Peer 1: 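Let me begin by handing over the structure; questions about it come next.
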Amino acid sequence: MTSLDRLAMYTEMVRIRQYETRIMQEYHADKTPAWDIGAGLIPGEMHLSAGQEPAAVGVCAHLKKGDAVTATHRPHHFALAHGVDMNAMTAEIYGRTTGLCKGKGGHMHLFDPENHFSCSGIIAQGYPVACGQAMAMKRRGTDNVAVAVTGEGAANQGAFHEALNLAAVWNLPVVFVIEDNDWAISVPRGESTANTSNADRAAGYGIPGVRVENNDVEAVFEAAGAAVDRARAGEGPSLLEIHTLRLLGHFEGDAQAYRSDLETVDERDPIPRYAASLMESGDLTEAQAEEVKAAADAEVDAAIQFAIESPLPQPEDALDDVFA
Amino acid sequence: MTSLDRLAMYTEMVRIRQYETRIMQEYHADKTPAWDIGAGLIPGEMHLSAGQEPAAVGVCAHLKKGDAVTATHRPHHFALAHGVDMNAMTAEIYGRTTGLCKGKGGHMHLFDPENHFSCSGIIAQGYPVACGQAMAMKRRGTDNVAVAVTGEGAANQGAFHEALNLAAVWNLPVVFVIEDNDWAISVPRGESTANTSNADRAAGYGIPGVRVENNDVEAVFEAAGAAVDRARAGEGPSLLEIHTLRLLGHFEGDAQAYRSDLETVDERDPIPRYAASLMESGDLTEAQAEEVKAAADAEVDAAIQFAIESPLPQPEDALDDVFA
Amino acid sequence: MTATETPPDAGTRRVTTAKAMAEAIGLEMRDNPEVFVMGEDVGAYGGIFGSTTDLFAEFGADRVIDTPISETGFIGAGIGAAVEGMRPVVELMFVDFYGVCMDQISNHMAKIHYESGGAVKVPMVLMAATGGGYSDAAQHSQCLWGTFAHLPGMKVVVPSNPYDAKGLMASAIRDDNPVLYLFHKGAQGLVWMEKNPRSIADVPEEAFTVPIGKAATAREGTDVTIVTLSLSVQHSLDVAEELAGEGISVEVIDLRSLVPLDRQAVLDSVAKTGRLLVVDEDYKSFGLSGEIAAIVAETDPTMLAKPVSRLAVPDVPIPYSRPLEYGILPTREKISAAVKDLLA
Amino acid sequence: MTATETPPDAGTRRVTTAKAMAEAIGLEMRDNPEVFVMGEDVGAYGGIFGSTTDLFAEFGADRVIDTPISETGFIGAGIGAAVEGMRPVVELMFVDFYGVCMDQISNHMAKIHYESGGAVKVPMVLMAATGGGYSDAAQHSQCLWGTFAHLPGMKVVVPSNPYDAKGLMASAIRDDNPVLYLFHKGAQGLVWMEKNPRSIADVPEEAFTVPIGKAATAREGTDVTIVTLSLSVQHSLDVAEELAGEGISVEVIDLRSLVPLDRQAVLDSVAKTGRLLVVDEDYKSFGLSGEIAAIVAETDPTMLAKPVSRLAVPDVPIPYSRPLEYGILPTREKISAAVKDLLA
Ligand SMILES: Cc1ncc(C[n+]2csc(CCOP(=O)(O)OP(=O)(O)O)c2C)c(N)n1
Ligand SMILES: Cc1ncc(C[n+]2csc(CCOP(=O)(O)OP(=O)(O)O)c2C)c(N)n1
Ligand SMILES: [Mg+2]
Ligand SMILES: [Mg+2]
């Protein structure tokens, strides 16, 4: 990992964070005083990824053209890190015709075929789809890989098991990523999961399993690099569990009354911590940090501007696109 | 294990074998010359368990009143070993009003609430149900256990994973049994399963996993005893994989053209082998063996007689029993 | 049992639909130790849509059980517990997630009683949130009641208001059969969602039952029959009130359950009005709206002064963006226009 | 593409429905390297109901892939491969197993195209065996086409004979949309199952297509319209032939696909006969038979000289014992009686 790599990862993490922070503000801006989830410029459920940037950035740093990512109900960080156009993505979240999906998909259904990016709001169901993408890549003789993401709560869903076994038996180029943010809505990991590391489950499929502790983007980068290389080399799938942090509620509006670890959440924020470590190692200056943030803010501003200025669809457009 | 235990297990294995052998004969008897699966006294699919007696007998030897067994599409051996009435079961297979289910269930849907026995034709779906039975047993403060059975092919189904995790997190008194007979219809284990022992998967749920080799009823008895004791003692679930043998086709009528190990099947039959070993150890004499077989045949004859003499249901009975 | 024989007067205690559901569950739990609740976030959180509000505080983690995200696992476990004689109330968070556990629901929960020739009972309630209208898009906004009602062996209950929600829940828990209880998010009376005032109403404090299988005439009328259910009852009543001002008399039939289906209530009303509008937030084809139309067509099509009108989601997945979603939902405006069309 | 524009004459080569399906798949595979087959026992075994007969021998394990018993896994994988531009033909062995993988089918396969605003295509065929009649009981005998047709985003194809089976399979594979292809075990022409001679028929050797969405008038008639599909077409034709001898002229409409549904074919025939019998081996309520009745009721109920008649499985799980099962299946005897009732 070079100093440039570090800076690039930091920059991407900040870009994502500034995005999520602004979306949060915009989301809440016009829902008061009587808070209504369906109201406002951004309606519906909103699952933000703030705190989980190390996972997306550390993994996607290894991806190239033709590689696929399937993400979850909490998809923004992976979408951005994988190169999905911020304008089109934002316009989708705003339900506009210029959105990735012309307003039909929304924040849990972002589809960008050019970047082979997709996501789904159904727990763990992206895992099998990634196996099929990997089948296609392998059959076509490319060295592309498919990355599939879920949360730690999702690792108790049957689809998880079926996909790992399938990818292992067929030796598919898949990297299975679990973002362990300790919580599945209000249920703590310990109450839902019969082991402390899902990496241990990899052995049941005869594939490598690694758990990365401490929400550390550089450690993620290392572990993901090994998994991606392995997949590209035709050696098959790997499982990567990343211990990360849900900085916010499960979705916006979640009061988190259940959350026992709420007090220490802010101090575990990976971005200030990474900034401090980069400054200590001399890879980042205060001025650079300001610049990175300003650039991110400018890009986010522009994307939101683009979205707001884009037209809303017409009611009758709802009848299109059922069949090709 | 006493000499009596051994003899009892042998006797039960022979009882099951004689049953399956006769059912096979009866099943085919009136389907020729133009073989029609829906014709004859026993219509429909027929999955026989010949060769897999050690699994059912070694496990059920440890069960007592109030313990539950959920079995699969191949349920006869577990049903008989768990005490389901042979007459009522046979009448069900013959579709008679005196059957366990008045002819509504058939061979894949045998329900005997008195013995807490049930089965399902859908792969692996008995595993979750057993978790719920175990919940009830635990909540009521009994020391009963629930045994759930699947084949090795079923261990790649999502329900398997969900049930194991659930039972482990909730510390339920379940014994999960996998009968590994090397084949899932025409698909050999190696082509469907990414590891050589499903017992290894237990570690992913933090529970004990044991694989019993060699279709050896005494080894099954030992391993199952430990698992049942553990469950009764409130120490939680276990996974037990039993390497066993599908002596016949997947279902009756299966020509097994795909079957690479067909030649050696007969010589691996566990019953003559166990008889020989018991004779060698002095636990069984030729005369006893004859007696055991004759008693089994008599019981089976009587059950089939009972079934054949029982009335068939009336068409309009089909409209009953949708709701209680 | 503390329930009265005939449903009591509503009284004057105003309660949301969500709270009414939770109250009914709580009353049954107090009465019967075999009743317990299980699902995702039903514990401390109280159910994402409030269906288990306050139950955790009263009954604790032992009887109000948060589950892993393993719907096949815990719905199957509910079935197993029910088979052993307990009375589990299991929540599937959104009905849209049925696809990860439909085998347990339709091949096990619904069939075991029949397959066993009546020997085994499965006294279980499976409750799930349905419906859209708040931009939750294609995987979180469906109604799907037609899907379940098509499959034999489970009762399907769909309350439209707090009173019925409480009474039907009590009936569902006491029923010896599996009951699928589908509640519309938009009719829960949640503080964080746009709502019709009809989602907060007078509900008795004590336990009572509303019978499963009896439709309600939510409003009497003589010109047009609207047959509908769930949130669309609220919309239809609004429209009926509005059209009354224009001299149009609309009868609103609230089905309240799809299985059993109160066919006679439909026929009686259509016999009176001769005009039938079915309003359904589920998909249009091969579902509820077709079944209701068929009931008339197979009984006596000459009852109809006009062809049947069906207002339902026009066989498209639910889109995200608000103008698109409201383009396909059965809104008050569309209901009103459809009624007028029937009279034109 | 080797297909002809209009379906060719059948010729004189007699082929079973199973073989016709497999031939169509094989022809597409030869033509297009992106087509592959995957499912349980589709390889050396050739598909439990013969749908992939001989394909393994020709194309090998690389393109005719046996899967683990992981329907969510491999149907999801089919979707992933389709999204990347391949054309998988995936087999779900029995449609009854849909419940272990319905999320991939209805929330993913069927919705991705719409959710993506048309940006992503899912050109996949999911084929599954349906139907009963041979004592396979409640979990292995269902039709369930009404369940799928209710859910938007997938085409649903239901051939009744070898010719259509081949032509519809070619159309399905070439379609840019997900197509659910439901074939009735009893119409496959299998050597080990009772069969109607109509399951072995003349089929051209070359590739050809039958358009998806066009019903066929399987037999013309003037007195009664039977609208039906799949195996029940064979029964209905038998009945029509028999009743012709009694001077009753029955028109048989073979829907061939439920999505898209050829509404006009139904209306045209009922306009002619004034009498409608729907014969359906799926469950009666909230399904196909209701939809067909509704089409008439919402278009012009005065077309009906008699109330619509629906003959379908009477909302019970499929029982095992033969007298019970034939008690609830739409047999020739019941079809014949229902036709006569309509004329009484
Ligand atoms: C099959 C299914 N079950 C339940 C849900 C509802 N749900 C959405 S997110 C979520 C929690 C997910 O937890 P985790 O996998 O840890 O991801 P995180 O939200 O923490 O990122 C649940 C239960 C769903 N979307 N799909
Ligand atoms: C969900 C599901 N998928 C597929 C099937 C069809 N099927 C029935 S038995 C079987 C093979 C089962 O293999 P295994 O679990 O090893 O049990 P065995 O038959 O060897 O006893 C299959 C695929 C099914 N019944 N349910
Ligand atoms: Mg989480
Ligand atoms: Mg096996």
Side-chain angles (χ1 to χ4, degrees), chain A residues 31 34-40 42-45 73 92-97 99 101-109 120-125 151 153-159 184-188 191-194 250-251 253-254 257-259 312-322, chain C residues 39-48 56 61 65-74 76 93-94 96-101 103 132-141 185-186 190-195 313-329 331 333-334:
Chain A
K31 286 197 176 56
W35 204 85
D36 171 8
I37 191 174
I42 309 178
E45 286 185 75
H73 59 286
E92 184 58 29
I93 293 170
Y94 278 76
R96 307 296 165 135
T97 57
C101 314
K102 305 190 297 199
K104 292 207 162 95
H107 128 90
M108 286 191 277
H109 311 108
S120 166
I122 310 291
I123 287 298
Q125 298 286 325
N156 298 315
Q157 180 75 210
I185 310 186
S186 71
V187 180
E191 279 176 30
S192 70
T193 308
H250 171 71
F251 37 35
D254 175 5
Y258 56 80
R259 190 155 173 188
L312 282 163
Q314 296 300 310
E316 58 274 20
D317 298 344
L319 302 180
D320 302 336
D321 297 323
V322 179
Chain C
E40 291 156 15
D41 307 285
V42 297
Y45 200 105
I48 297 296
F56 186 76
I65 306 169
D66 277 332
T67 62
I69 311 175
S70 307
E71 286 85 357
T72 287
F74 69 78
M93 190 189 286
F94 288 70
D96 311 70
F97 307 157
Y98 78 110
V100 304
C101 50
D103 186 71
Y134 61 101
S135 286
D136 219 358
Q139 296 176 333
H140 291 77
S141 303
K185 292 162 251 175
L190 302 170
V191 293
W192 46 278
M193 210 177 270
E194 192 191 343
K195 66 196 140 296
V313 173
D315 299 329
V316 305
I318 314 291
Y320 164 71
S321 187
R322 200 170 176 90
L324 297 173
E325 187 181 16
Y326 279 80
I328 56 95
L329 287 177
T331 56
E333 296 66 41
K334 289 180 213 161

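The shown structure was predicted, so the numbers you read here are calculated from the model rather than taken from an experiment.
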Peer 1: Name the region of Lys31(A), side chain, backbone, both or neither, that has any atom closer than 4.5 Å to a heavy atom of chain C.
Peer 2: neither
Peer 1: Counting heavy-atom pairs under 4.5 Å to chain C, which of His107(A), Arg96(A), Met108(A) comes out on top?
Peer 2: Met108(A)
Peer 1: Pick one of side chain, backbone, both or neither for Gln314(A), based on which atoms fall under 4.5 Å of a heavy atom in chain C.
Peer 2: backbone
Peer 1: Quick one: what part of Leu190(C) sits under 4.5 Å from any heavy atom of chain A, side chain, backbone, both or neither?
Peer 2: neither
Peer 1: Quick one: pull up OH in Tyr320(C) and CD in Glu92(A) and give me the separation to the nearest 0.5 Å.
Peer 2: 7.5 Å
Peer 1: Does any backbone or side-chain atom of Ile69(C) lie under 4.5 Å from a heavy atom of chain A? Answer side chain, backbone, both or neither.
Peer 2: both
Peer 1: Heavy-atom distance under 4.5 Å to chain C: side chain of Ala184(A), backbone, both or neither?
Peer 2: both
Peer 1: For the side chain of Asp36(A) and the backbone of Met193(C), is there at least one donor-acceptor N/O pair under 3.5 Å apart?
Peer 2: no
Peer 1: If you count heavy-atom pairs under 4.5 Å between each of Ile122(A), Val322(A), Ile93(A), Asp321(A) and chain C, which one has the most?
Peer 2: Ile122(A)
Peer 1: Against chain A, label Thr72(C) side chain, backbone, both or neither, depending on which of its atoms sit under 4.5 Å from a heavy atom there.
Peer 2: neither
Peer 1: Under 30°, 30 to 60°, or over 60°: which ring-plane class applies to His109(A) and His140(C), parallel, tilted or perpendicular?
Peer 2: tilted
Peer 1: Considering only heavy atoms and a distance below 4.5 Å, find which of Ala34(A), Gly158(A), Gly105(A), Gly99(A) pairs most often with chain C.
Peer 2: Gly105(A)
